[in-house]
Amino acid sequence: MPTPLPSLPPLPTITRLASVTVVRHGESEANVRYRRAAEAGDVSVPEGRAEDTPLTRLGEEQAAALGRWLAQAEDGPELVVCSPYARARRSWEIAAGEFGDRAAPPVVVEERARDRENGVFALHSPPAWRAADPQEWARRERSEEWTYRPPGGESLADVALRVRGLLGDLDAVAAGRRVLIVAHDAVALAVAYVLEGLGAPVPDRPQVANASVSSWHNAGGRLVPGVWNNTGHL
């Protein structure tokens, strides 16, 4: 047997950002459809693009509640980085509208904050995916979730790679600022992994809830966890 390599604790990610907060978009029509498909075994696949999936009425209400909470926070965001997907952009549009007379922070739409891409299985619920390609679904089931990459799509490790680059660029252009990222569950997971440091173990966390908040604050040059998957503001 090979000799085990010596293991060090993760080497911390050093940054000048004051804080990073990640918010998942409000509930989308795809979230509802996937839940119903799992219950009913529906294998239909809608037309269109995953990027264009809109919010539900509940998702819009969640975004508004998020905005009211952010508007009242003493240490609220100074810069917003938003996914280009419609559900994330609409979530921030609604949230920003709750700032009232207080100006909402400036926003940039950034491609690297997009959701994990499922390639040829975009918009496929698990039952639809299984029905469309049983062999590929079986390969997915045998694979590690962190490294599984659907044909034409991304693994969670791929998402973490682009998120690492995004955080590095933010450190260069937004030093000392409080940054809010409005994105997706895969992005929240990737941010947590990257900020834990070089050599961090693969994360084993449940999916984050719609409109949930996860945050990290700077302590001695390292962003340390504050809250994870918090929905108290809802």
Side-chain angles (χ1 to χ4, degrees), residues 8-26 62-63 65-83 85 88 91-92 95-96 99 104-116 146 156-234:
L8 293 173
L11 303 177
T13 299
I14 304 302
T15 182
R16 295 166 294 174
L17 295 171
S19 67
V20 170
T21 300
V22 184
V23 170
R24 187 185 180 193
H25 60 80
Q62 291 171 333
L66 172 68
R68 290 191 292 271
W69 178 75
L70 288 170
Q72 296 170 4
E74 293 182 1
D75 56 350
E78 298 171 297
L79 174 67
V80 177
V81 177
C82 188
S83 160
Y85 282 24
S91 292
W92 176 245
F99 277 66
V107 57
V108 294
V109 176
E110 169 56 44
E111 178 67 21
R112 287 172 292 179
R114 70 186 186 275
D115 201 1
R116 177 186 181 181
W146 186 252
L156 286 171
D158 294 327
V159 177
L161 183 62
R162 59 175 158 86
V163 165
R164 187 183 299 278
L166 171 60
L167 291 172
D169 286 350
L170 283 170
D171 177 60
V173 302
R177 301 173 78 178
R178 300 185 296 272
V179 176
L180 171 67
I181 301 174
V182 182
H184 311 271
D185 54 341
V187 172
L189 193 68
V191 169
Y193 170 73
V194 171
L195 293 183
E196 193 166 344
L198 190 65
V202 171
D204 181 18
R205 297 174 185 257
Q207 185 181 55
V208 299
N210 290 116
S212 64
V213 172
S214 302
S215 65
W216 295 259
H217 64 275
N218 198 308
R222 180 182 183 184
L223 287 170
V224 298
V227 298
W228 173 258
N229 195 23
N230 181 32
T231 56
H233 53 286
L234 303 179

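In this text, all values refer to a predicted model and were calculated from it rather than measured experimentally.
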Exam field: side chain Arg178 to backbone Gly76, donor-acceptor pair closer than 3.5 Å: yes
Test applied, side chain to side chain contact (heavy atoms under 4.5 Å, CB included); reference residue, Val81; option that passes from Leu170, Leu180, Val187: Leu170
Closest non-hydrogen atom pair between His217 and Pro225, with its separation: CE1-O, 4.1 Å
Heavy-atom side-chain contact between Glu196 and Pro201 under 4.5 Å: yes
Flag side-chain contact, heavy atom, 4.5 Å: Val163 against Ile181: no
Flag side-chain contact, heavy atom, 4.5 Å: Leu189 against Trp146: yes
Among Val179, Thr13, Leu195, Thr15, the one residue meeting side chain to side chain contact (heavy atoms under 4.5 Å, CB included) with Leu167: Leu195
For Asp75, all residues meeting side-chain hydrogen bond (donor to acceptor under 3.5 Å, both in side chains), sequence neighbours excluded: none
Asn210 and Asp185, any side-chain heavy atoms less than 4.5 Å apart: no
Partners passing salt bridge (Lys or Arg N to Asp or Glu O under 4.0 Å) against Arg222 (at least two apart in sequence or in another chain): none
Listed pairs under 3.5 Å, donor-acceptor, residues 226-234 side chains, sequence neighbours left out:
residue : atom : partner : partner atom : Å
Asn229  : OD1  : Ala209  : N            : 2.8
Asn229  : OD1  : Ser212  : OG           : 3.3
Asn230  : OD1  : Gly232  : N            : 3.1
His233  : NE2  : Ala211  : O            : 2.7

4.5 Å side-chain heavy-atom contact, Trp92 and Val109: no
For Ala219 against Val224, the heavy-atom pair lying closest together: CB-CG2, 4.1 Å
Residues in side-chain hydrogen bond (donor to acceptor under 3.5 Å, both in side chains) contact with Ser83, at least two apart in sequence or another chain: His184
Set of side-chain contact (heavy atoms from CB on, under 4.5 Å) partners for Gln72, sequence neighbours left out: none
Pairwise salt bridge (Lys or Arg N to Asp or Glu O under 4.0 Å) hits with a residue in residues 161-173, at least two apart: Arg16-Asp171, Arg112-Asp169, Glu154-Arg162
Closest non-hydrogen atom pair, Leu79 against Pro105: N-CB, 4.1 Å
Exercise: identify the closest heavy-atom pair between Ala160 and Tyr193: CB-CD2, 3.9 Å
4.5 Å side-chain heavy-atom contact, Val20 and Val191: yes
For Ala18 against Leu223, the heavy-atom pair lying closest together: O-CD2, 4.1 Å
Heavy-atom closest pair, residues Ala183 and Ala113: CB-O, 3.5 Å
Side chain proximity check, Thr21 to Val213, heavy atoms < 4.5 angstrom: yes
Atom pair OG/CZ of Ser91 and Arg24 - distance to nearest 0.5 Å: 10.0 Å
